[in-house]
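Report on the following structure.
Counting begins at 1 with the first residue of the sequence. Counting starts at 1 for both ligands and their atoms, following the listed order. Just so you know, these numbers come straight off a predicted model, no measurement behind them.
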Amino acid sequence: MGSITENVRRVREEIAEAALRAGRKPEDIVLVAASKTKDAEAVREAVRAGVDACGENRVNEFLEKDALGAYDGAPKHFIGRLQHNKVRQITGRADLIQSVDSIELLELLEKRAALLDTVQPILLQVNIGREDTKGGFLPEAADEAVARAAELPHLRPEGLMAIPPAWEKTEGTWPGAKKYPYFDEMYQLYIDIAGKKYDNTHIWCLSMGMSGDFAQAIVSGANMVRVGSAIFGARTALQP
Ligand SMILES: *Cc1c(COP(=O)(O)O)cnc(C)c1O
């Protein structure tokens, strides 16, 4: 594994290759560095290397690194499960909350954003694999969630996020033609919802794909990928 800077360059190359294969422009794909368990200096190196955004999945880590200026120069996203008692700490601080996974959370975010007199950009998380262990709206409930979010004046829904079930990428999957059905299903859902053109929404973002499968996600239509270990190296601590 090379340096963070080299890793970012290599990931960018793979993103570009996948984008071109999908008939899209490489610069239209947003690269989010998922930096859980990595220190502020590592995050700074990724920002210097030109990632488009940073993503953190624990509120405490987000606040600690933010206080150290780790994300300076890049938008900061929250991508983890957001406990309701931490809504207060993250609303208005994260440039994008990718992981909004219930109507109740929508309402809490709206209340807090209203109090701060701000508009909070969000993505709705979809539990595309219907896994008990994962948060998110079931696919058939995603449209209604976006519609509900659109009614809340202090939230701005910008798209969908998913963490599909882990899958075995077999040898030759990339650059072969094989696609992952969950990615295709997510893309279809995203297109359907974007097509509804709800008032007060700007649905432009489909966030899916991680270190092991971001190229496949892009080929299926992702325009935001969240990449951790391929940029920062393996994580030692076990993470949910
Ligand atoms: C950790 C994490 C990622 C990145 O995972 P890698 O496999 O290390 O690239 C992406 N999304 C979320 C929500 C994460 O928590």
Side-chain angles (χ1 to χ4, degrees), residues 1-4 6-15 18 29-39 42-43 45-47 49 51-66 70-71 74-83 86 90 94-102 105 121-129 131 133-137 158-169 173-174 180 182-183 186 190 205-218 220 222-240:
M1 196 107 197
S3 69
I4 289 170
E6 286 163 25
N7 293 341
V8 169
R9 190 179 317 121
R10 200 191 54 252
V11 167
R12 281 283 191 201
E13 278 171 13
E14 289 174 34
I15 286 174
I29 312 295
V30 178
L31 172 58
V32 181
S35 50
K36 57 177 171 268
T37 78
K38 302 300 173 181
D39 64 17
V43 177
E45 187 176 343
V47 171
V51 298
D52 298 304
C54 295
E56 211 63 67
N57 75 339
R58 293 193 170 184
V59 171
N60 291 349
E61 256 189 273
F62 179 100
L63 297 176
E64 276 166 30
K65 288 178 222 177
D66 197 28
Y71 311 116
K76 47 197 189 247
H77 296 183
F78 189 75
I79 62 176
R81 183 168 276 189
L82 182 52
Q83 290 169 294
K86 301 215 165 141
I90 212 80
D95 295 291
L96 180 66
I97 300 175
Q98 294 201 19
S99 42
V100 178
D101 60 2
S102 72
L105 183 54
I122 59 165
L123 303 181
L124 286 304
Q125 185 175 345
V126 178
N127 186 356
I128 193 68
E131 295 170 282
T133 51
K134 283 191 187 141
F137 294 93
E158 299 198 346
L160 304 179
M161 180 271 229
I163 311 171
W167 60 304
E168 202 64 44
K169 269 201 316 167
T173 301
W174 183 257
Y180 188 40
Y182 287 123
F183 287 151
M186 276 305 302
Y190 162 72
C205 180
L206 177 58
S207 172
M208 61 183 187
M210 314 201 299
S211 291
D213 58 11
F214 63 86
Q216 275 82 5
I218 291 165
S220 289
N223 55 17
M224 181 179 281
V225 294
R226 308 175 310 268
V227 180
S229 47
I231 289 176
F232 296 107
R235 290 176 293 270
T236 43
L238 192 65
Q239 289 290 322

* **Sub-4.0 Å atoms of ligand 1 with respect to non-hydrogen atoms of Ile163** => 13 (C)

* Can you name the one residue among Met186, Arg226, Met224, Met208 that meets side-chain contact (heavy atoms from CB on, under 4.5 Å) with Met161? -> Arg226

* Counting each atom of ligand 1 from 1 as listed, which ones have a heavy atom of Lys36 under 4.0 Å away? -> 1 (C), 2 (C), 3 (C), 14 (C), 15 (O)

* Asked: For ligand 1, which atoms sit closer than 4.0 Å to a heavy atom of Ser229?
  -> 6 (P), 7 (O), 8 (O), 9 (O)

* To do: Could you say whether the N/O atoms of Gly228 and ligand 1 ever approach to under 3.5 Å?
  => yes

* Asked: Between Gln98 and ligand 1, which residue portion shows a heavy-atom distance shorter than 4.0 Å: side chain, backbone, both, or neither?
  -> neither

* Asked: Among Met210, Arg58, Arg81, whose heavy atom sits nearest atom 5 (O) of ligand 1?
  -> Met210

* To do: Output, in order, the C-alpha distance, side-chain angles, deciding distance and verdict of side chain to side chain donor-acceptor pair (under 3.5 Å) for Gln125 and Ser99.
  => CA-CA 5 Å; Gln125 185 175 345; Ser99 42; 4.8 Å; no

* To do: Pick whichever of Val11, Thr37, Ile79 has a heavy atom sitting closest to atom 12 (C) of ligand 1.
  => Ile79

* Approximate separation, where rounding is to 0.5 Å, of Ile90 CD1 and Gln83 CD -> 11.0 Å

* State which residues pass ring pair (Phe, Tyr, Trp, His ring centres under 6.0 Å) with Phe62; sequence neighbours excluded, sorted by chain then number. => Tyr71

* To do: List in chain and number order the residues that pass ring pair (Phe, Tyr, Trp, His ring centres under 6.0 Å) with Phe137, two or more places apart in sequence or in another chain; answer none if no residue qualifies.
  => none

* Asked: To the nearest 0.5 Å, what is the distance between NZ (Lys86) and CG (Leu63)?
  -> 8.5 Å

* Asked: By number and element, which atoms of ligand 1 are closer than 4.0 Å to a non-hydrogen atom of Arg226?
  -> 4 (C), 9 (O), 10 (C), 11 (N), 12 (C), 13 (C)

* **Interfacing atoms of ligand 1 (cut-off 4.0 Å, heavy-atom, Ala34)** => 3 (C), 4 (C)

* To do: Could you tell me whether a side-chain N or O of Lys134 sits under 3.5 Å from a main-chain N or O of Gly129, the two making a donor and an acceptor?
  => no

* Asked: ligand 1 versus Ser211, non-hydrogen atoms closer than 4.0 Å: side chain, backbone, both, neither?
  -> both

* **For Val227, the ligand 1 atoms whose distance to one of its heavy atoms is below 4.0 Å** => 9 (O)

* Could you tell me whether a side-chain N or O of Asp39 sits under 3.5 Å from a main-chain N or O of Ala42, the two making a donor and an acceptor? => yes

